[in-house]
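Predicted model, so just to flag it, every value in this text is computed and none were measured. All residue numbers in this chain count up from 1 along the given sequence.
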Amino acid sequence: MEYLKEPPSVGELDAVLRMLDMEPRELMRSKEREYRELGLKDESLSRDQLITAMVGHPRLIERPVAIAGKRAVLGRPTERVLELL
């Protein structure tokens, strides 16, 4: 899926985060301009607020994420994708 053109829904991103066993900040690209502009460093922001920001600004989502069935891995380093096989 080309997530920059067609971002995941809040529910889809929440499901991927659960498959990855990660919190939103762990899958966020904190060096992106949007991260600073939206004040996402603020520790008081909820999980839902962070996921909503990621859906609204998909450049914030770390990539690549590989999904197979009900399992997912962050593809960095690329060897991690082998865990899905």
Side-chain angles (χ1 to χ4, degrees):
M1 168 175 33
E2 289 191 57
Y3 73 98
L4 291 176
K5 291 181 181 177
E6 196 175 316
S9 69
V10 169
E12 289 169 332
L13 185 54
D14 183 55
V16 169
L17 285 163
R18 291 182 192 285
M19 283 190 269
L20 290 166
D21 193 27
M22 294 177 122
E23 290 300 318
R25 285 187 199 285
E26 296 174 277
L27 193 62
M28 268 190 174
R29 299 179 71 200
S30 61
K31 294 184 180 169
E32 292 294 334
R33 176 181 43 85
E34 294 92 336
Y35 186 87
R36 290 184 305 280
E37 289 177 355
L38 296 170
L40 297 174
K41 188 175 181 177
D42 182 350
E43 293 294 326
S44 70
L45 293 172
S46 70
R47 176 184 173 89
D48 289 341
Q49 289 172 306
L50 294 172
I51 291 172
T52 298
M54 293 166 79
V55 169
H57 303 274
R59 284 178 22 148
L60 291 168
I61 303 170
E62 185 62 66
R63 58 209 182 263
V65 174
I67 301 171
K70 296 192 181 280
R71 297 176 48 220
V73 294
L74 185 58
R76 289 183 188 220
T78 55
E79 294 79 25
R80 298 240 16 239
V81 175
L82 297 174
E83 295 174 21
L84 292 176
L85 304 176

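- Here the side chains of Val16 and Ile61 are not in contact, with every heavy-atom distance at 4.5 Å or above.
- Looking at residues two or more places apart in sequence or on another chain, you find a side-chain hydrogen bond (donor to acceptor under 3.5 Å, both in side chains) between Arg80 and Glu83.
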Exercise answer: donor-acceptor pairs, residues 49-59 side-chain atoms, under 3.5 Å, sequence neighbours excluded:
| from | atom 1 | to | atom 2 | distance (Å) |
| --- | --- | --- | --- | --- |
| Gln49 | OE1 | Ser46 | N | 2.7 |
| Gln49 | OE1 | Ser46 | OG | 3.3 |
| Thr52 | OG1 | Asp48 | O | 2.9 |
| Arg59 | NE | Glu32 | OE1 | 3.4 |
| Arg59 | NE | Glu34 | OE2 | 3.2 |
| Arg59 | NH2 | Glu32 | OE1 | 2.6 |

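- Interatomic distance, CG of Leu74 versus CD of Glu26, reported as 10.0 Å (0.5 Å rounding).
- With Arg71 contributing its side chain and Met19 its backbone, the two residues share no donor-acceptor pair below 3.5 Å.
- Counting all heavy atoms, side chain and backbone alike, Arg29 lies closest to Tyr35 at O-CB, 4.0 Å.
- When hydrophobic clusters are built by joining Ile, Leu, Val, Met, Phe, Trp and Tyr residues whose side-chain heavy atoms come closer than 4.5 Å, directly or via intermediates, Leu84 is not grouped with Ile67.
- Atom CG of Leu17 sits about 12.0 Å away from atom CD of Glu12, to the nearest 0.5 Å.
- In this structure, NZ on Lys41 lies 10.0 Å from CZ on Arg25, to the nearest 0.5 angstrom.
- The hydrophobic clustering, which links ILVMFWY residues whose side-chain heavy atoms are closer than 4.5 Å, places Leu82 and Val65 apart.
- Residue Leu60 holds its CG atom at 14.0 Å from NZ of Lys31, rounded to the nearest 0.5 Å.
- Within a 6.0 Å radius of CG in Asp42, other residues, nucleotides and ligands contribute more than 12 heavy atoms.
- Met22 and Val81 are assigned to two separate hydrophobic clusters, defined by single-linkage of ILVMFWY side chains at heavy-atom distances under 4.5 Å.
- Hydrophobic clustering (ILVMFWY, side-chain heavy atoms < 4.5 Å, transitive): Tyr3 and Leu38 are in one cluster.
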